[in-house]
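For reference, the structure discussed in these notes is given below.
This chain uses plain numbering: 1 for the first residue, then up along the sequence.
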Amino acid sequence: MTGTPGNPAYENPALPAPPIDDTDVSRYVTDLGLPGLVDVHVHFLPEPVLRKVWAYFDAAETHYGMPWPVQYRTPESDRIATLEKLGVRAFAPLVYPHKPGMGRWLTEWVTEFAAETPAAVPTATLYPEPDVADYLGAAVEAGACAVKVHVQVGAFDPRDELLRPAWGLLAEAGVPAIVHCGHGPIPGEHTGLDIFAEVLAEHPRLPIVLAHAGMPDFVAALDLVQRFERVYIDTTMVGTPFSLQIAPLPADWPARLVDVADRVVLGTDFPNIPYPYVEQIRAIAGWAAADDRLGRDFLRSVLHDAPARLLGI
């Protein structure tokens with residue numbers, strides 16, 4: 001085997017050849033014997049909100065000091081068709097508010113979107129506000145499979161007293177929250193895995209997916225996975241050439257995944273990524289090839305089995 005964890009150029013004859021480009025992803029999925037990909041971290045938003053998100057990324061050199069060209073800036077129907085061509089069997093469309101009053105509206109919007117989009121599973125979001133348990137509870141009752149929580153964009157403290165009933169509700173229902181609480185790509189006032197660890201300490205049965213594997217605090221994220229039986233990490237942007245510029249992985253990253261292999265799930269950040277979808281799949285393929293204890297079983301788990309199980313598919 002050759003290459004490094006950050007540069008997925010491994011060679012392992014026991015595994016299918018990694019996909020070359022987006023058109024080759026479905027071939028790779030078939031070679032693994034999978035019915036498709038299950039992506040837990042995809043974004044679909046109301047058009048006015050999405051335009052603002054894309055405008056923010058257009059100014060990425062100001063925000064992040066580097067350009068962020070949105071790869072899949074196409075109409076909504078085209079984005080859905082792109083996922084289908086990539087072999088994505090199911091995906092979680094994630095929405096997130098940045099101010100009070102948006103949580104209910106976005107949750108109702110994404111519920112309707114999922115009902116009209118066969119591959120999309122129903123999701124919800126939350127924000128610390130008096131009615132959060134009401135609209136979140138209604139969404140869970142209606143079948144929400146995941147809840148997006150964006151501590152950085154929302155600029156709120158996840159320990160906020162207003163969120164206590166929401167965390168309790170999700171813990172009891174067993175519905176996972178996909179939480180962006182790491183410091184990447186830029187720190188927020190309430191980001192940090194140490195802060196969110198306090199939420200987990202109070203609600204140890206809360207199912208959580210640490211978005212972006214807690215980027216850039218990857219080791220701390222894996223520590224939380226070890227400490228709490230219902231904590232997962234997703235692969236969103238992790239190990240891609242773009243992200244390695246700002247958040248390099250530990251040199252022994254594949255080895256670190258061995259003990260938590262069944263709690264790593266596919267996430268991509270489609271459509272807002274600044275590179276082709278295939279780069280995430282190639283990064284994951286590289287980890288599997290780097291350590292024989294991972295291999296094909298790990299790929300099948302990360303790309304389909306574990307996220308399907310998590311979302312109740």
Interatomic distance, CG@D21 vs CD1@I281, rounded to 0.5 Å, equals 13.0 Å
Would you confirm whether D24, through its side chain, and I20, through its main-chain N or O, come within 3.5 Å as a donor-acceptor pair?
-> yes
Does V147 share a hydrophobic cluster with Y232, counting links as ILVMFWY side-chain heavy atoms below 4.5 Å and allowing steps through other members?
-> no
Determine yes or no for a side-chain-to-main-chain donor-acceptor pair under 3.5 angstrom, with Q280 supplying the side chain and M237 the backbone.
-> yes
Any L303 side-chain heavy atom under 4.5 Å of V29 side chain | no
Mark yes or no for whether R89, through its side chain, and P35, through its backbone, hold a donor-acceptor pair below 3.5 Å.
-> no
Honestly curious: do L37 and Y275 fall in one hydrophobic cluster under the side-chain, below-4.5 Å linking rule?
-> yes
Distance-only donor-acceptor check, side chains T236 and H212, under 3.5 Å | no
Mark yes or no for whether R159, through its side chain, and V199, through its backbone, hold a donor-acceptor pair below 3.5 Å.
-> no
Kindly assign one of parallel, tilted or perpendicular to the pair Y72 and F270, based on the angle between their ring planes and the thresholds 30° and 60°.
-> tilted
Does any non-hydrogen side-chain atom of T125 lie less than 4.5 Å from one of P97?
-> yes
Donor-acceptor contact below 3.5 Å, side chain S243 vs main chain G239 | no
Do the non-hydrogen side-chain atoms of L106 and P46 ever get within less than 4.5 Å of each other?
-> yes
Atom pair CH2 (W287) and OG1 (T235), whose distance is rounded to the nearest 0.5 Å | 5.5 Å
For the pair D269 and Y277, evaluate side chain to side chain donor-acceptor pair (under 3.5 Å) and give the outcome as yes or no after the intermediate values.
-> CA-CA 9 Å; D269 242 355; Y277 193 98; over 6 Å; no
In terms of hydrophobic clusters joined by side-chain contacts under 4.5 Å, are V40 and V110 together?
-> no
Closest heavy-atom contact between A139 and A124?
-> CB-CB, 3.8 Å
Do the side chains of L266 and D234 get nearer than 4.5 Å, heavy atoms only?
-> no
Taking side chain as C-beta onward, heavy atoms only, is F91 less than 4.5 Å from V121?
-> no
Does H43 reach the side chain of Y96, with side-chain heavy atoms less than 4.5 Å apart?
-> yes
Work out which heavy atom in V25 is nearest to a heavy atom in L86; give both atom names and the distance.
-> CG1-O, 3.3 Å
Look up atom NE2 in H190 and atom CD1 in I195, then write down how far apart they are to the nearest 0.5 Å.
-> 7.5 Å
Nearest non-hydrogen partners of L222 and R256, listed with the distance | CD1-CB, 3.7 Å
Decide yes or no for H304 and R300: does some side-chain heavy atom of the first lie under 4.5 Å from some side-chain heavy atom of the second?
-> no
Under-4.0 Å salt bridge between R164 and E198 = no
Electrostatic pair R309:D305 at N-O distance under 4.0 angstrom | no
Is a donor on one side and an acceptor on the other found under 3.5 Å between the side chain of R263 and the backbone of I233?
-> no
Going through the distances and angles, do R79 and E47 end up as a salt bridge (Lys or Arg N to Asp or Glu O under 4.0 Å)?
-> CA-CA 13 Å; R79 281 177 268 133; E47 284 300 317; 3.2 Å; yes
Worked check of salt bridge (Lys or Arg N to Asp or Glu O under 4.0 Å) between D78 and K85 | CA-CA 10 Å; D78 290 352; K85 291 175 184 175; over 6 Å; no
Go through the steps to decide whether R27 and T30 satisfy the test side-chain contact (heavy atoms from CB on, under 4.5 Å), and finish with yes or no.
-> CA-CA 5 Å; R27 183 275 309 166; T30 299; 5.8 Å; no
Where the side chain of Q152 meets the backbone of H180, is there a donor-acceptor pair that is under 3.5 Å apart?
-> no
Do I178 and V264 share a hydrophobic cluster (ILVMFWY, side-chain heavy atoms under 4.5 Å, transitive)?
-> no
Smallest separation among heavy atoms of L163 and P158, with atom names = CD1-O, 3.8 Å
For the pair Y127 and F156, name the ring-plane relationship: parallel under 30°, tilted 30 to 60°, perpendicular over 60°.
-> perpendicular
Keeping the roles fixed (side chain from H150, backbone from V153), state whether a donor-acceptor pair exists under 3.5 Å.
-> yes
Specify the closest pair of heavy atoms between A261 and S301, including all atoms of both residues, with the distance to one decimal.
-> O-OG, 3.9 Å
For the pair Q245 (side chain) and F242 (backbone), establish whether a donor and an acceptor sit closer than 3.5 Å, ignoring hydrogens and angles.
-> yes
Aromatic ring pairing W167/F196, orientation class (parallel under 30°, perpendicular over 60°, tilted between) | perpendicular
Is the closest side-chain heavy-atom distance between V302 and V265 below 4.5 Å?
-> no
Taking all atoms of both residues into account, what is the closest heavy-atom pair of P16 and D31, and its distance?
-> CB-CB, 3.7 Å
So, D22 side chain and V278 main chain: donor-acceptor pair closer than 3.5 Å or not?
-> yes
Stepwise side chain to side chain donor-acceptor pair (under 3.5 Å) test for T268 and D39 = CA-CA 7 Å; T268 62; D39 192 332; 2.6 Å; yes
So, are D58 and R73 salt-bridged, with charged N and O less than 4.0 Å apart?
-> yes
Is it true that L34 and L310 fall in one hydrophobic cluster, defined by side-chain heavy atoms closer than 4.5 Å?
-> no
Geometric class of the F57/W68 ring pair [parallel <30°, tilted 30-60°, perpendicular >60°] = parallel
